[in-house]
Protein chains: 2
Amino acid sequence: MRTPATKSTQTRQLLLDTALELFATKGFSGTTMRAIAAESGLSLGNAYYYFESKDAIVHELFRNLLERHRTATWPLLVPGNNLETNLRIALDQALEIMTPFHEFGPAFIRTAFAGAHTELGDIHRALEFGLWRQVVAASRPLPPLAIRNDLPVLLWLIQRGIFLFWAYDSSPGAARSRRLIKNVAPVTARLVVLSRMPVVRSILDDVLSLVRTAS
Amino acid sequence: MRTPATKSTQTRQLLLDTALELFATKGFSGTTMRAIAAESGLSLGNAYYYFESKDAIVHELFRNLLERHRTATWPLLVPGNNLETNLRIALDQALEIMTPFHEFGPAFIRTAFAGAHTELGDIHRALEFGLWRQVVAASRPLPPLAIRNDLPVLLWLIQRGIFLFWAYDSSPGAARSRRLIKNVAPVTARLVVLSRMPVVRSILDDVLSLVRTAS
DNA sequence: ATTGATTTTTGAACATGTTCAAAATTGGTT
DNA sequence: AACCAATTTTGAACATGTTCAAAAATCAAT
């Protein structure tokens, strides 16, 4: 029902699959719209009938990766994990899945940040948020009630930061990003524990209200 | 001595000036390399003799703006200002100067983030850092000694965040970014005051070590 | 089946960033 | 002045993202 397997959507999907394959093998700039069309056995203009731009294809690729991240991470958030572990898992998985597409970093950034207040941007955020909410909900002990509801936003923000860093991380094997992730997880977990203290709490509140200002 | 006004550098400068003017009037994508060359009375290929790419010109424009920001802000950091005021001034000035080039946001982001570990990136960082150091040094009361040295890094990080937000802020007149700046200044100032408390201090230390991990 | 509208496909064009070999110019050396 | 090497300039080409009018195919209604 959701996607009627009509000819039209099949063609679109063919185009998308070919694009993803070419992207993975030839990279972003190495993959030309002409190549995508040719490899799909279609004409160039036809590809543009289905995707208004190359960026639009990247956009779908990105959503694809977000979904993969979600489905790959979710089952790993098993009972017994603490927040630090779950956070580490989620961030590691993101890195794992994105790695083959490191070259797309800047394009992804555009996709992820520019579409902030659009319909598609909302879909993306909802996807991401759901996962971070689960990261929190699946952690034992549960984070302090006082910040339990707001924590997903913070984690999401942290991931954005790391994602941005990774996108422009030119160290071999994204070593710097890996190191960052490794250190972010315990620091964040500690922050959550300390959030029980009123001072820390008030700072977190400040930051949260900043985030709300911005969105 | 610094820039020998030889013909070569003059031509280069001419190209740059024309580019900046066109950028300001026609915008980024509205300004073509051909137009820049033509307006300068040069051939297209010649423009490429001086700038290896359009991005390279944007890069210079960005540095230009960084310098303008510095020289515009510095004299406003007058004695008697507290940290919040100075921070607000610096951020406001950045917004002011960048505003005509909002369309360049994504290109600037690439310039600012991608060149992180290159020679030019170092020059940029040095420029920015100097200013943030001055923001701290010119504030009365001086921030707690314990974080005085690290504060510039934090402020720089905050500015990066705001800059990123602004670059993709599509609200009319960048209203969202303005609101964010307005709120960030007091929150940051409060954070600095609270940094006297050991808990807060330890969190800041964590964050700082993360920043060091990453750079 | 014929017709007419809608969707899909094509092919050719365009705009622009970029490259490059060759020509023109410049500047120093004999 | 004549010559050579380095610098600058040109003009034509190329590659690729994108557009578009027209042709072809599909589909619904008579």
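A note on names: the letters A, B, ... follow the listed sequences, proteins ahead of strands, and every chain is numbered from 1. What you see below is based on every heavy atom in this structure, not just the backbone, and it leaves out hydrogens, waters and symmetry mates.
Contact footprint of chain B on DNA chain D: nucleotides with an atom under 4.0 Å from a non-hydrogen protein atom, first to last in 5' to 3' order, D:dT7 to D:dA13.
Among residues two or more places apart in sequence or in another chain, the side chain to side chain donor-acceptor pair (under 3.5 Å) test is passed with B:R70 by none. Every residue two or more places apart in sequence or in another chain that forms a side chain to side chain donor-acceptor pair (under 3.5 Å) with B:R190 is listed here: A:S202, A:D206. Qualifying side chain to side chain donor-acceptor pair (under 3.5 Å) partners for B:S139, counting only residues two or more places apart in sequence or in other chains: B:N86. For A:H69, the side chain to side chain donor-acceptor pair (under 3.5 Å) test picks out A:T73, with sequence neighbours left out.
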Got a list of side-chain donor-acceptor pairs under 3.5 Å for residues 124-137 of chain A, not counting sequence neighbours?
unit_1, atom_1, unit_2, atom_2, d
A:R125, NH1, A:A116, O, 3.3
A:R125, NH2, A:D122, OD1, 3.2
A:E128, OE2, A:R160, NH2, 3.4
A:W132, NE1, A:Q159, OE1, 3.4

Donor-acceptor pairs under 3.5 angstrom involving side-chain atoms of residues 147-156 of chain A: please list them, not counting sequence neighbours.
unit_1, atom_1, unit_2, atom_2, d
A:R148, NE, A:P143, O, 2.9
A:R148, NH2, A:P143, O, 3.1
A:D150, OD1, A:R212, NH2, 2.9

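The stretch residues 31-50 of chain B participates, sequence neighbours left out, in these side chain to side chain donor-acceptor pair (under 3.5 Å) pairs: B:T18-B:S40. Residues in residues 168-189 of chain B take part in these side chain to side chain donor-acceptor pair (under 3.5 Å) pairs, two or more places apart or across chains: A:T213-B:N183, B:D169-B:S171, B:D169-B:S177. Pairs engaging residues 96-115 of chain A under the side chain to side chain donor-acceptor pair (under 3.5 Å) rule: A:S29-A:E103, A:D55-A:R110 [sequence neighbours left out].
Here the closest heavy-atom approach between residue A:F163 and residue A:M98 is recorded as CE1-CE, 4.2 Å.
For DNA chain C, the neighbouring residues in residues 31-54 of chain A, judged by any heavy atom under 4.0 Å, are A:R34, A:L42, A:S43, A:G45, A:N46, A:Y49, A:Y50.
Defining each end axis of the helix from C:dA1-D:dT30 to C:dT30-D:dA1 as the rotation carrying four pairs' C1' atoms onto the next four, with five pairs an end, the two axes are found to diverge by 10° to 10 degrees.
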